[in-house]
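Just so it is clear: chains get the letters A, B, ... in the order the sequence lines come, proteins before strands, and each one is counted from 1.
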Number of protein chains: 2
Amino acid sequence: MIAIGEASRQSGVGIEAIRYYEREGIVPKPGRAANNRRLYSKTDVGRLIFLKRCRNLGFPLAEAKALLDLSEQREADCAKALDIAASHKSSIRKKINDLERLERALNEVTANCTNGSLHCPMLLSLREH
Amino acid sequence: MIAIGEASRQSGVGIEAIRYYEREGIVPKPGRAANNRRLYSKTDVGRLIFLKRCRNLGFPLAEAKALLDLSEQREADCAKALDIAASHKSSIRKKINDLERLERALNEVTANCTNGSLHCPMLLSLREH
DNA sequence: TCTTGCTCCTGTAGTGGCTACAGGAATTAG
DNA sequence: CTAATTCCTGTAGCCACTACAGGAGCAAGA
């Protein structure tokens with residue numbers, strides 16, 4: 001059993017984030033030593049690593065928790081896991097498309113701004129009716 | 001002079017957002033009628049429309065305010081405006097690249113998940129050491 | 001005149017996922 | 001014995017709003 005700092009080091013999840021996960025019920029409350037300090041088992045650290053990987057893949061915390069729960073069931077439900085992943089993928093795809101549209105719009109609005117003109121074309125187009 | 005609801009309708013900025021901009025000093029405090037209700041001029045509405053367009057282009061509020069301030073100076077400083085736009089563009093480009101990396105990683109992790117296998121390959125790869 | 005419904009006011013809390021303290025207690029190293 | 005480190009709880013801050021609660025004012029219709 002290890003203290004929270006070591007669990008943080010082993011999992012890559014920050015100390016405050018670990019306590020936050022506990023408060024939010026994402027991970028079960030760990031045991032406590034006689035001096036009231038949290039004690040983490042290898043299983044606990046495994047959960048943190050799992051969550052860290054999910055977050056690195058961009059899953060929202062709620063979906064990360066859902067995946068963690070699935071992963072701890074006797075028979076991991078691949079279909080449900082795929083559902084979660086698919087919806088996450090489509091939200092990423094949507095974000096990419098939105099950002100690309102934004103990028104094009106920005107390029108358009110600044111297109112005539114190459115010279116040091118007195119009346120900035122970008123500002124004009126933001127202002128005009 | 002119009003009330004806040006009409007200013008919201010004309011600018012597309014929500015009523016609560018308008019009050020928020022005022023609190024945050026993004027726009028100057030508007031006049032008040034005898035009954036304490038806010039009164040907006042065409043100039044005020046023009047500022048809200050400008051901010052709305054900046055936000056639609058994804059500019060953070062602080063940058064939107066900087067652009068608004070530039071736009072209200074006697075000689076709009078195109079170079080400064082372009083600076084702001086360029087840094088915003090590069091942050092968008094970075095976000096797109098990050099999301100595309102995420103998308104590829106997600107595709108990899110779910111690649112072997114087409115069948116209804118008992119041990120979900122995605123969950124396994126999130127769990128393994 | 002009374003009521004209904006709309007708009008407006010201030011102030012506070014919530015969103016996500018943490019991070020950064022403050023202020024204190026306990027442990028460890030020298 | 002002291003100093004440094006780690007831990008504890010609890011709160012505030014980030015961004016850009018949104019969503020109330022609880023109340024006041026105002027216009028139109030019965």
Side-chain angles (χ1 to χ4, degrees), chain A residues 1-27 29-40 44-45 47-48 50-68 84 87-88 91-92 95 98 102, chain B residues 1-27 29-40 44-45 47-48 50-68 87-88 91-92 95 98-99 102:
Chain A
M1 301 289 261
I2 58 178
I4 195 170
E6 186 57 27
S8 169
R9 247 164 269 130
Q10 289 183 19
S11 65
V13 180
I15 290 178
E16 317 258 15
I18 294 176
R19 291 199 278 243
Y20 171 75
Y21 289 174
E22 180 186 334
R23 270 203 309 285
E24 296 297 305
I26 308 296
V27 294
K29 301 198 175 200
R32 296 276 181 148
N35 57 12
N36 196 36
R37 295 188 174 193
R38 292 170 178 81
L39 286 180
Y40 294 88
D44 291 327
V45 173
R47 283 194 197 101
L48 293 173
F50 186 100
L51 289 172
K52 181 73 185 175
R53 289 178 179 161
C54 289
R55 299 289 298 124
N56 283 347
L57 286 170
F59 285 104
L61 203 44
E63 292 181 12
K65 174 173 169 42
L67 290 174
L68 178 59
I84 293 172
S87 99
H88 181 46
S91 97
I92 286 176
K95 275 180 196 157
D98 288 352
L102 222 54
Chain B
M1 303 290 262
I2 57 178
I4 196 171
E6 185 57 27
S8 170
R9 247 164 269 130
Q10 288 183 19
S11 66
V13 179
I15 289 178
E16 318 257 16
I18 294 176
R19 290 198 278 242
Y20 171 76
Y21 290 174
E22 181 185 335
R23 270 202 309 284
E24 296 298 303
I26 308 295
V27 293
K29 301 199 176 199
R32 296 276 181 148
N35 55 12
N36 196 35
R37 297 188 173 192
R38 291 171 179 82
L39 287 180
Y40 294 88
D44 291 327
V45 173
R47 283 196 196 100
L48 294 173
F50 187 99
L51 290 171
K52 180 73 186 173
R53 288 178 180 162
C54 289
R55 299 289 298 124
N56 283 347
L57 286 170
F59 284 103
L61 203 43
E63 294 182 9
K65 173 170 170 42
L67 290 174
L68 178 58
S87 98
H88 181 45
S91 98
I92 287 177
K95 275 181 196 158
D98 288 352
L99 285 171
L102 223 55

Sequence neighbours excluded, the answer for side-chain hydrogen bond (donor to acceptor under 3.5 Å, both in side chains) partners of A/Lys52 is none
What parts of residues 55-64 of chain A reach DNA chain D, counting only heavy atoms under 4.0 Å away?
none
So, taking the atom named CD1 in A/Ile15 and the one named CZ in A/Arg9, what distance separates them when rounded to the nearest 0.5 Å?
7.0 Å
Atom pair distance, as rounded to whole Å: NE2 in B/His88 and C1' in D/dC15
14 Å
Gap between atom CG of A/Asn35 and atom CZ of A/Arg32 - 0.5 Å precision
10.0 Å
Are the charged groups of B/Glu22 and B/Arg38 less than 4.0 angstrom apart, N to O?
yes
Listed partners of A/Arg55 passing salt bridge (Lys or Arg N to Asp or Glu O under 4.0 Å), at least two apart:
none
C/dT19 C1' sits how many Å from A/Ile18 CD1, rounded?
14 Å
Among all residues two or more places apart in sequence or in another chain, which pass the side-chain hydrogen bond (donor to acceptor under 3.5 Å, both in side chains) test with A/Arg19?
none
Which residue, A/Leu51, A/Ile4, A/Val45, forms the side chain to side chain contact (heavy atoms under 4.5 Å, CB included) with A/Ile18?
A/Ile4
Separation of D/dC17 atom C1' from B/Ile4 atom CD1, nearest Å, is 14 Å
Heavy-atom donor-acceptor pair, B/His88 side chain to B/Leu57 backbone, under 3.5 Å:
yes
Whole-Å gap separating P (C/dG14) and CD (A/Glu24)
12 Å
Nearest listed nucleotide, side chain of A/Ile15, among D/dT9, D/dC7, C/dC18
D/dC7
Check the distance between D/dT11's C1' and A/Tyr20's OH and give it to me in whole angstrom.
15 Å
Spacing between A/Lys29 atom NZ and D/dC8 atom C1', to the nearest angstrom
14 Å
Expressed in angstrom and rounded to an integer, what is the separation of A/Asn36 atom CG from D/dG10 atom P?
11 Å
Walk along nucleotides 20-30 of chain C from 5' to 3' and tag each nucleotide B, S or - by protein heavy-atom contact under 4.0 Å, base first, then sugar-phosphate.
BB----BS---
Calculate the interatomic distance between A/Leu51 atom CG and C/dG16 atom C1'; express it in whole Å.
15 Å
Checking B/Asp98 now: which residues fulfil side-chain hydrogen bond (donor to acceptor under 3.5 Å, both in side chains) with it, not counting sequence neighbours?
B/Lys94, B/Arg101
Would you kindly compare A/Arg23 and A/Arg38 by the position of their nearest DNA chain D nucleotide and give the one closer to the 5′ end?
A/Arg38
Could you tell me whether the phosphate oxygens of D/dC17, OP1 or OP2, come under 4.0 Å of any side-chain nitrogen or oxygen in B/Tyr21?
yes
